[in-house]
*Asks:* 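One structure is given below, represented as structure tokens, and several questions about it will come after.
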Amino acid sequence: MTDLLNVRHLTTRFQTPDGLVHAVNGISFQIYPGETIGIVGESGSGKTMAMMSILRLLPGTAKAISTGEVWFESRDLLKLSEAQMRQIRGSSLAVVFQNSLSALNPVLRIEKQLTEAMTRHLGLTATAAQKRALELLDAVGIPDAKNRIRHYPHQFSGGMRQRVAIAMGIACNPKLLIADEPTTALDVTIQAQIVDLIKHLKAEMGMAALWITHDLALLAGFADRIFVMYAGQIVEQAPLRQLYYEPRHPYTIGLLQSLPRLDADQPQRLQAIEGFPPDLMHYPQGCPFAARCPYVIDRCHHEDPILESVGDDHTVACWVKPSYN
Ligand SMILES: Nc1ncnc2c1ncn2[C@@H]1O[C@H](COP(=O)(O)OP(=O)(O)O)[C@@H](O)[C@H]1O
Ligand SMILES: [Mg+2]
């Protein structure tokens, strides 16, 4: 199958007054049409910077430099002009941020924001765009859409506003939706509703999704494949079940041990991973997880492991590759 997105050796560095930040360190992966990918990792592991690099939305003030290749629909996004990039974002490549308030224009009614995108990218007439805007709000579960469409962003609750942002994201039938912690600020019930909504929309529209989260449990029964990020690298990559049942990277094992197990028959003590991720301004020599790793061997302190195959579509960057269980 032809991939939809093919990221090759993507690296992003920031120049700051205090030094160079190694935010994204040579990540490579593919996403196929209709697939849902989960990217998981602790806060500060480079998830947002990786996504912003792909979308070419790195903050201009940060003096960021990305190298590598980001192939999407036969074009390398890193080589496109800003105008070409704007055309792709908001049409075939859509994004939903953690805080949609920043993505929505506070002084425009949501009707205007939704219809503008569709008249611009899909060439719809004003009437057709208005009809579809109502359908979209219905589809994302906003009650009384006919009325609500006249409202401004601040008149919606956090959960409803995330739904509006998702409606905006999917308005132009994207092939890929990138969502960066879209439910993190919301309570658990609304989180579950939004996960269901994305699942439903994905099945209906055949859209692929890249879902970024720090919460591995959230991805269960939802993602097709999972990428685990640590210190700006992908350290393990596997289909969902494989990753949950046969993880081979000590960091993934640590993440799983810090989750409550529903099938446990007695009270469990959850183990948090000790220590902290490395300071990306002082990138360590060797494996970036070595300082926290219970399986560490001498080699880990000198040589950074590369991703190696350990099974069908399962790769791990670790010299030890311990088995879990
Ligand atoms: N504007 C910036 N300037 C310099 N460094 C930054 C900037 N934004 C993020 N970083 C650094 O990049 C690293 C990765 O951050 P981020 O991608 O936001 O992590 P995550 O999304 O996984 O929590 C962090 O170490 C952070 O300090
Ligand atoms: Mg983030």
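Remember, it's 1-based here, ligands and their atoms both numbered in the order they're listed. Here the structure is a predicted model, which is why all the values come from computation and not from measurement.
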*Asks:* So His154 and Tyr152, would you call those rings parallel, tilted or perpendicular, with 30° and 60° as cut-offs?
*Replies:*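 Parallel: the ring planes of His154 and Tyr152 meet at under 30°.
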*Asks:* Can you check whether a protein heavy atom sits less than 4.0 angstrom from atom 13 (C) of ligand 1?
*Replies:*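 When distances to the protein are checked, atom 13 (C) of ligand 1 has a heavy atom within 4.0 Å.
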*Asks:* Tell me the ring pair (Phe, Tyr, Trp, His ring centres under 6.0 Å) pairs involving residues 23-61, sequence neighbours left out?
*Replies:*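 Every ring pair (Phe, Tyr, Trp, His ring centres under 6.0 Å) pair that includes a residue of residues 23-61, provided the two are not neighbours, is Phe29-Phe227.
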*Asks:* Between Asp180, Leu58, Thr48, which one has a non-hydrogen atom sitting closest to atom 18 (O) of ligand 1?
*Replies:*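 Going through Asp180, Leu58, Thr48 one by one, Thr48 has the nearest heavy atom to atom 18 (O) of ligand 1.
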*Asks:* Can you list the atoms of ligand 1 that are under 4.0 Å from a heavy atom of Ala23?
*Replies:*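 Listed by number with element, the hits are 12 (O).
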*Asks:* Hey, mind stepping through Gln15 and Leu20 against side chain to side chain contact (heavy atoms under 4.5 Å, CB included) and telling me if it holds?
*Replies:* CA-CA 5 Å; Gln15 188 65 58; Leu20 201 60; 3.4 Å; yes
*Asks:* Quick one: look at Leu280 and ligand 1, take heavy-atom pairs under 4.0 Å, and tell me if it's side chain, backbone, both or neither.
*Replies:*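 Side chain only; the backbone of Leu280 stays clear of ligand 1.
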*Asks:* Measure the distance from atom 11 (C) of ligand 1 to every protein heavy atom, then report the residue, atom name and distance (to 0.1 Å) of the closest one.
*Replies:*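 Going by distance alone, atom 11 (C) of ligand 1 is nearest to Val21 CG1, 3.9 Å.
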*Asks:* Just grab all the salt bridge (charged side-chain N to carboxylate O under 4.0 Å, His left out) pairs involving residues 88-117, residues at least two apart or on different chains.
*Replies:*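 Salt bridge (charged side-chain N to carboxylate O under 4.0 Å, His left out) check on residues 88-117 returns Glu82-Arg89, Glu111-Arg150, Lys112-Glu116.
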*Asks:* Verify the contact flag for atom 27 (O) of ligand 1, where contact means a protein heavy atom under 4.0 Å away.
*Replies:*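 Neighbour list for atom 27 (O) of ligand 1 is empty of protein heavy atoms (cut-off 4.0 Å).
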*Asks:* Near the Mg ion (ligand 2), meaning under 2.8 Å, how many protein N/O/S atoms are there?
*Replies:*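 Of the protein's nitrogen, oxygen and sulfur atoms, 1 lie under 2.8 Å from the Mg ion (ligand 2).
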*Asks:* If you measure from atom 15 (O) of ligand 1 to every heavy atom of Glu181, Gln15, Met49, Met51, which option wins on shortest distance?
*Replies:*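 Minimum heavy-atom distance to atom 15 (O) of ligand 1 goes to Met49.
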*Asks:* Quick check on contacts: which atoms of ligand 1 are under 4.0 angstrom from a heavy atom of Ser45?
*Replies:*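 Matching atoms, with element in brackets: 19 (O), 20 (P), 22 (O).
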*Asks:* Not counting sequence neighbours, list each pair that qualifies as a salt bridge (charged side-chain N to carboxylate O under 4.0 Å, His left out) and has a residue in residues 162-174.
*Replies:*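 Applying salt bridge (charged side-chain N to carboxylate O under 4.0 Å, His left out) to every pair that reaches into residues 162-174, excluding sequence neighbours, yields nothing.
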*Asks:* Do the side-chain N and O atoms of Gln233 and Asp304 include a donor-acceptor pair separated by under 3.5 angstrom?
*Replies:*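 Per modelled atom types, Gln233 and Asp304 side chains form a pair under 3.5 Å.
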*Asks:* Starting from atom 19 (O) of ligand 1, which protein heavy atom do you reach first, and at what distance in Å?
*Replies:*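 Looking only at protein heavy atoms, the one closest to atom 19 (O) of ligand 1 is Gly46 N, 3.2 Å.
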*Asks:* Nearest heavy-atom pair of Leu216 and Leu256: which atoms, and what distance?
*Replies:*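 Here Leu216 and Leu256 meet closest at CD2-CD2, 3.7 Å.
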*Asks:* Hey, does the side chain of Gln162 reach the backbone of Pro182 with a donor-acceptor pair shorter than 3.5 angstrom?
*Replies:*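 Flag set: sc Gln162 to bb Pro182 pair under 3.5 Å.
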*Asks:* Using a 4.0 Å cut-off to any heavy atom of Ser43, which atoms of ligand 1 qualify?
*Replies:*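 Numbered from 1, ligand 1 contributes 23 (O).
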*Asks:* Applying a strict 4.0 Å limit to heavy atoms, is Gly41 in contact with ligand 1?
*Replies:*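 In this structure, Gly41 fails to qualify as a contact of ligand 1 - no heavy atom is under 4.0 Å.
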*Asks:* At a 4.0 Å threshold, what atoms of ligand 1 neighbour a non-hydrogen atom of Glu42?
*Replies:*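 Checking each atom against Glu42, I get 22 (O).
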*Asks:* Name the orientation class of the two ring planes belonging to Phe289 and Tyr251 (parallel below 30°, tilted from 30 to 60°, perpendicular beyond 60°).
*Replies:*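 Phe289 and Tyr251: perpendicular rings.
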*Asks:* Decide whether Ser81 and Gln84 meet the rule of one side-chain donor and one side-chain acceptor closer than 3.5 Å.
*Replies:*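 Side-chain D/A pair, Ser81 to Gln84: present.
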*Asks:* Looking only at protein heavy atoms, which one is nearest to atom 1 (N) of ligand 1, and what is the separation?
*Replies:*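 For this ligand atom, the closest protein heavy atom is Ala62 CB, 3.6 Å.
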*Asks:* Can you check whether Pro250 reaches Val320 side chain to side chain, under 4.5 Å on heavy atoms?
*Replies:*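 No - every pair of side-chain heavy atoms lies 4.5 Å or more apart.
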*Asks:* Could you tell me whether the side chain of Pro174 reaches within less than 4.5 Å of the side chain of Met205, counting heavy atoms only?
*Replies:*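 Yes, close enough: below the 4.5 Å cut-off.
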*Asks:* Might you point out which heavy atoms bring Leu280 and Gly44 nearest each other, and give the distance in Å?
*Replies:*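 That would be CD1-O, 3.7 Å.
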*Asks:* Just go through Gly44, Gly19, Pro277 and tell me whose heavy atom is the nearest to atom 23 (O) of ligand 1.
*Replies:*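 Closest candidate by heavy-atom distance is Gly44.
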*Asks:* Do the side chains of His314 and Glu236 get nearer than 4.5 Å, heavy atoms only?
*Replies:*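 Heavy-atom side-chain distance check passes, below 4.5 Å.
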*Asks:* Heavy-atom contacts with Thr16 under 4.0 Å: which atoms of ligand 1 show up? List them by number with element.
*Replies:*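 By the 4.0 Å cutoff, the relevant atoms are 4 (C).
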*Asks:* Suppose we measure from atom 5 (N) of ligand 1 to each protein heavy atom; which comes out shortest, and what is that distance?
*Replies:*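 Protein heavy atom with the smallest distance to atom 5 (N) of ligand 1: Phe14 CD1, 3.6 Å.
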